[in-house]
Q: 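Would you mind keeping the following structure in view while I ask a few things?
Quick note on labels: first sequence line is chain A, next is B, and so on, each numbered from 1.
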Amino acid sequence: MTDATGFELRRNDYSLSEDQESVRDAFAEFFTAECPATRVRAAEPLGYDERLWQDLVKMGAVSMGLPEAAGGDGATMVDLALVAEEYGRVLAPVPFVEAVTAARALARCETEQAARSITDTMAGQAPATLALHPVTAGTRQLLPAGAIAAAVVALDGDDLVLYTREDPAAHVPNQGGAPLAWWRPSGAAREVLATGPAAREIFDAALAEWKVLTAAALVGLADEAKRLGAEFTKTRSTMGVPIGSLQGVSHPLATVEIEVSGARNLTRKAAWFREHEPAARPELVPMAYANAARCATLATRVGLHVQGGLGFTLESDVTLYFRRAKGWSVLPGDPSDELLAIGDVLAASA
Amino acid sequence: MTDATGFELRRNDYSLSEDQESVRDAFAEFFTAECPATRVRAAEPLGYDERLWQDLVKMGAVSMGLPEAAGGDGATMVDLALVAEEYGRVLAPVPFVEAVTAARALARCETEQAARSITDTMAGQAPATLALHPVTAGTRQLLPAGAIAAAVVALDGDDLVLYTREDPAAHVPNQGGAPLAWWRPSGAAREVLATGPAAREIFDAALAEWKVLTAAALVGLADEAKRLGAEFTKTRSTMGVPIGSLQGVSHPLATVEIEVSGARNLTRKAAWFREHEPAARPELVPMAYANAARCATLATRVGLHVQGGLGFTLESDVTLYFRRAKGWSVLPGDPSDELLAIGDVLAASA
Amino acid sequence: MDFSRIEVDDDLAAFVAEVRDFIATHVTEEVHEEERRTGGSFNLALHKALGAKGWILPRRPPEQGGAGLDRVRERVLELEMERAGAPDITLGTTRLVLTAVEKYAAPDLAAELVPKVARGDVRFCLGYSEPDGGSDIAAARTRAVRDGDQWTINGQKIFTTGAQNCQYTFLITRTDPDLPKHKGLTMFLVPLDSPGVEIGPIHTVGGERTNVVYYGDVCVSDRYRLGPVNGGWGVLRGPLDEEHFGAGHDDGLSDLGIGSSWARRQERDVRAAVRWARTARRPDGSRPIDDPRVRARLGQAALDVEASLATPGPMGRVRVSETMIEVAAGLVDLIGPEALLPHGADGCLEDGAFDYAHRFAQGTAIYGGTTEVFRNIIAQHVLGLPRPVYPGSRKLADSRGS
Amino acid sequence: MDFSRIEVDDDLAAFVAEVRDFIATHVTEEVHEEERRTGGSFNLALHKALGAKGWILPRRPPEQGGAGLDRVRERVLELEMERAGAPDITLGTTRLVLTAVEKYAAPDLAAELVPKVARGDVRFCLGYSEPDGGSDIAAARTRAVRDGDQWTINGQKIFTTGAQNCQYTFLITRTDPDLPKHKGLTMFLVPLDSPGVEIGPIHTVGGERTNVVYYGDVCVSDRYRLGPVNGGWGVLRGPLDEEHFGAGHDDGLSDLGIGSSWARRQERDVRAAVRWARTARRPDGSRPIDDPRVRARLGQAALDVEASLATPGPMGRVRVSETMIEVAAGLVDLIGPEALLPHGADGCLEDGAFDYAHRFAQGTAIYGGTTEVFRNIIAQHVLGLPRPVYPGSRKLADSRGS
């Protein structure tokens, strides 16, 4: 929402710069070439392809988002969102979002251990990941990339802590085909990265970044699920006409196009504000996240449904997308809790 | 929900008896003959046609729902719901739901004033109505039928009270074209009808009945809005085909049929339980109400939309339905508060 | 209108106890385990045990292999089996086809099969859809060509669920490609052990197994023809209408639509979510159920399930499916990632019910015709809207290549 | 990608002040009152005042009657006028048609009209839809028949919004019924004071006034023809594409779609609902905003509006309309019956904004083509799905009687 009082005129420019287009195209090309659906299937149930991950790291997927001081390229959240969208489009079995957000959080901490963890990740080692919920004594949480990560960045009371361990935790099978693990901070090396308000701030920023990038990944996922559905309907016929010419099929697909195109722009806008003026529109991150989650649910539902019985079979690639639409979007908990977060911003606004 | 433990088998019979069909048909005939859209329009903006009301009372619309001891016919809530559906189908500008629920509440109180008020209503005088919210000192409430009622049944603290007055309050124009008035209990004769738990019980029952009958009226309203839309699409063509043959038009209308047919049955089921075992399925009333409200919103939206620009003009009868869909359904406040009421029942269930 | 309790006298109580005993003995954890592994919705021992009880055709008299149950007892049996999650797809298709067999098969074939069906030795599956045909069953291209008393069948069918556990498939074939689309079809009961029949498994994201069935020069005796040559559409109509409109048993006990058992399953899922909301703890120690937003959302879910159960005929068919999908997705959202842990995973909730329901739900909008097919039926048959004219709606020739 | 603030230097600040001054003077309560009474979305004094400022065609140089504004100032003007709720439909149609006039009218006609348009003396409306035609504009049956330098026009048009306030209508006519549907059309700029033109008011549930316009033997000089005879579809395309796809001004300041001003209006409604939630009191003394369910629903509404503003092209057109309808209904639900009290009623909230928004919203899914038309456009042009074949898609003859 814009300010109701006083005058403020903002640009409304969703176009990508040439540089941004190059970044997107390069990663799109990489993912398309390296990660066909067969590779996604081969990585199940763990949801991790170590070679793919190492190749992606070599391409700079992690380092690009780090500040130059930390050996990175200082790419913006918009750039990272573009990469995340391509990652989501092919369902790449790599911990892209977790590794990037954790590494960026670590880069904001000036400890030796943080620097070492970043170096490890950039060398293609098992990366650090981010615990999405603050540590609560006595309870465990499902940790994204937990089954492959070597370290965990977590908020524990007033401290931001890096927990490192010898071996990743046991994988928990899940519908999303993600490398989840149950995690609680026990028996691992523990180093405080930051404390007090700084700790909370770094954690909040990391969580917001995780949500923006996951939203972008969900947009890519939704877009491809839609494409799979639409392509199917171009070639199949009933009653002597292609089913895609029937409004009962084409209109739901158009609805998905409507939702995906809006979710893409909203997510990129959230990324822009996150990068340039994080305090100006704090509601954009929960908006982008809740919207992308809803969009991915819709797109995979429709993309599957328009393929009829065939879309529902395991052989159909759209089922890979269907399972991850929810699998990715509920990782931090109920996506509609984001609505309350938006409402809280509204309630607090002048 | 049925009981998860223990064995319980219930009948699942939605069919109407011959008597019920006769009641429905008689009132359907009356409303169709007496209340074309022209009469609805003529009664605007007040939303009251005194002669129509008197004729309806003469037909027994109020008395049928009263116990025989009170000079009534002892009809069940199911019978009344059937009448309410027909009333809603033609948008009759009469206080059917308010007068019936208030009179039934009065009949449960054994005071002289209550009996007199019932007699007045049954004589076709300005009826008593029901205040949907308990009286709160210092605040006023929008009273259904408030601009035409001669008396108000209201819960005031621990008491159920009958407020009578010389003249109805001033009409407040409203989108629903209903005879609403602002009301607070001032300057009117006040008689306590019941007190303590009995007062609360009678009020709660009256409110539940008001909701069941309004739900039924919304079902009738929705059904007719759908019919108006569907008929239009049978006769209009585009691209050389009737628009009703296009799935972009026929599928939304089918969705309305799905919702209306379910809302009808759910409302009747709620009426049955309200009549026969009110304690067994307390969630059915809020379910029927929230569902009918949603259904009416959808049905009038679609019924209007499929008629294109013509549907949006004041000349189009569907706009009468559109305005009342919300106008009737938000009278007690937010219809989605009913969802919380359902959830409260679930939370309390074993 | 009547939703009153059926009075349970001693006799009925004894029957309920008998059913529950039976279920405890035969619908065991091993049966569930097999079902999760195979997805076949069939268990041979259970099916035979049902047959031994006369419960495959429960209302028929004992001399026809039934148990002579009245409708109330039959309903008890249905609901208890359903509540126990007994695998029953093949039981359902067998019963569905039997009606057509008794009506259209040669008397000696019917007489041979009925007792075997009742015992559980013979099961039927549905050979309707073809890989290229989508929901347009009447466009069937599987060919049956007559040669004296024999027919030779060539073609393929998809979604023949239960073929691996059945003795016959209820097959729709094209016997005259020159006649109008609906008029050149003939139905057969094809023995699945015939040479040339090949069954290939297909697995769904819902965990079910179905099949593609190839027919390569399959020879079938004319004895197995059901109804007249080129009169197959009429033979199919009965079972198909049952699938499309629901049985419509107007006995005051039956479901309004055939999706009701799915809806009741979801009713149990909502109840499970309420249990979760009452027992789970949030980081601040509160229970989800203490949160009015959670209660309102559970309320909406319960409402949608109740409304879907109250929606009649083909409308109910769509409402149930779409509610299944919507509510299953909503419960996953509400509960979060633990809802996606499948049966057996560390920390899975309610035996993996939420994970399963979300995957399973998608198929319910497809089985027996997609929701679009049902919306067409509603538009044309209930609302009386004009039927769309497609190039291939009438003639087969135009649907070639489709 | 850039959403940064435009720096407001002294000069720009002075312009903003000038605009606000203008609005305070000319967009008065009387203007709003007239608009509520007439629904014409036009105020003559305001329109003339805009013309006097050069703000009808603000970016044109003063010699063309404009104000020579740069894009930033033009945008300031747009947004401030919009925020003030200035009636502007006729302003919009006038600008839309002017493009076609300058491109296709005879040079002397264009030269005559441009300064009059700039001053506010000449306004244009759109003569597209016909009473029987629905959204299929190319099926126009209003006939124009040539006789030397004159054309005689017979027929009727509906939804010619602003006709009562305009000098010309941008009329699509059928000039050759024997040619294929899109190829027998010719565009005219018909003077509305021509004998035989009759304007009848139509009022909508949204409070707007539009018109049916009858053309009975209306004589129009060939001078008023725009573009070639039977080449009218090409003339119409520009303005129509603008309506269907949005201007697509890629200047980094413009809206993504033409529905954005509706969406911003709704953004203000959501903000009004937040105000209500912060100030209203429930019987127990709490404020609605204290209820997490209320905050979450306001959050959903704000999200939907934001998403609709972020949705580009024809997709945005649909998203905005459907969000308008959904959110307006949701706010009425949230607030209750007081939300349905119109402007001026005792106890109405926020000047009747919620009542108005709920009624108004329905029309947004119809104006300039229904959401179904836009979904077809998206399906065919964005998704590349096959175009449906209708009997009347190509030939006019088949759409007779429609």
Q: Taking the inter-plane angle between the rings of D:His358 and B:Phe322 on a 0 to 90° scale, is it parallel (under 30°), tilted (30 to 60°) or perpendicular (over 60°)?
A: parallel
Q: Report the C-alpha separation of B:Arg140 and D:Asp346 in whole Å, then their side-chain angles, then the decisive distance to 0.1 Å, and conclude whether the side-chain contact (heavy atoms from CB on, under 4.5 Å) test is met.
A: CA-CA 12 Å; B:Arg140 57 184 190 170; D:Asp346 177 14; 3.0 Å; yes
Q: How long is the span from the CD atom in D:Glu338 to the CG atom in B:Leu180, to the nearest 0.5 Å?
A: 11.0 Å
Q: How far apart are the C-alpha atoms of B:His305 and D:Thr371, what are their side-chain angles, what is the distance that settles it, and do they pass the side-chain contact (heavy atoms from CB on, under 4.5 Å) test?
A: CA-CA 9 Å; B:His305 182 75; D:Thr371 40; 3.2 Å; yes
Q: Under 4.5 Å from any heavy atom of chain B, what part of D:Ile158 do you find: side chain, backbone, both or neither?
A: side chain
Q: Any side-chain donor-acceptor pair under 3.5 Å between B:Ser336 and D:Arg297?
A: yes
Q: Considering only heavy atoms, which portion of D:Leu334 lies under 4.5 Å from any heavy atom of chain B: side chain, backbone, both, or neither?
A: both
Q: Non-hydrogen atoms of chain B under 4.5 Å away: do they reach the side chain of D:Arg359, the backbone, both or neither?
A: both
Q: Can you find a heavy atom in the side chain of D:Thr204 that is under 4.5 Å from one in the side chain of B:Leu314?
A: no
Q: Taking all heavy atoms of B:Val330 and all of D:Gly336, pick out the closest pair and write down the distance.
A: CG2-C, 3.9 Å
Q: For the atom pair OG1 (B:Thr139) and CZ (D:Arg282), what is the distance rounded to the nearest 0.5 Å?
A: 14.0 Å
Q: Roughly how far apart are D:Leu341 CG and B:Gln175 CD, rounded to 0.5 Å?
A: 10.0 Å
Q: Measuring from atom CG of D:Leu340 to atom NZ of B:Lys326, what distance do you get when rounded to the nearest 0.5 angstrom?
A: 8.5 Å
Q: Taking the side chain as every heavy atom from C-beta outward, state whether B:Thr136 and D:Asp284 have any atom pair closer than 4.5 Å.
A: no
Q: Given a strict heavy-atom distance threshold of 4.5 Å, which part of B:Thr313 is in contact with chain D: side chain, backbone, both, or neither?
A: both
Q: Do you know the tightest heavy-atom contact between B:Phe312 and D:Tyr367?
A: CE2-OH, 3.2 Å
Q: For B:Thr297 versus D:Ala329, what's the shortest heavy-atom pair and its separation?
A: CG2-CB, 4.3 Å
Q: Pick one of side chain, backbone, both or neither for B:Leu310, based on which atoms fall under 4.5 Å of a heavy atom in chain D.
A: both
Q: Just jot down the salt bridge (charged side-chain N to carboxylate O under 4.0 Å, His left out) partners of B:Glu315, sequence neighbours excluded, or say none.
A: none
Q: Evaluate the criterion side-chain contact (heavy atoms from CB on, under 4.5 Å) for residue pair D:Glu372 and B:Gln247; output intermediate values, then yes/no.
A: CA-CA 10 Å; D:Glu372 288 69 41; B:Gln247 291 178 334; over 6 Å; no
Q: If you take all heavy atoms of D:Tyr390 and B:Met239, which pair is closest and at what distance?
A: CB-O, 3.5 Å
Q: Can you tell me which portion of D:Glu208 sits under 4.5 Å from chain B's heavy atoms? Options are side chain, backbone, both or neither.
A: side chain
Q: Between B:Pro173 and D:Ala345, what is the shortest heavy-atom contact and its length?
A: O-CB, 3.9 Å
Q: With a 4.0 Å cut-off on N to O distance, would you call D:Asp355 and B:Arg323 a salt bridge?
A: no
Q: Relative to chain B, which of D:Asp333, D:Thr370, D:Ile366, D:Ile335 shows the most heavy atom pairs under 4.5 Å?
A: D:Asp333
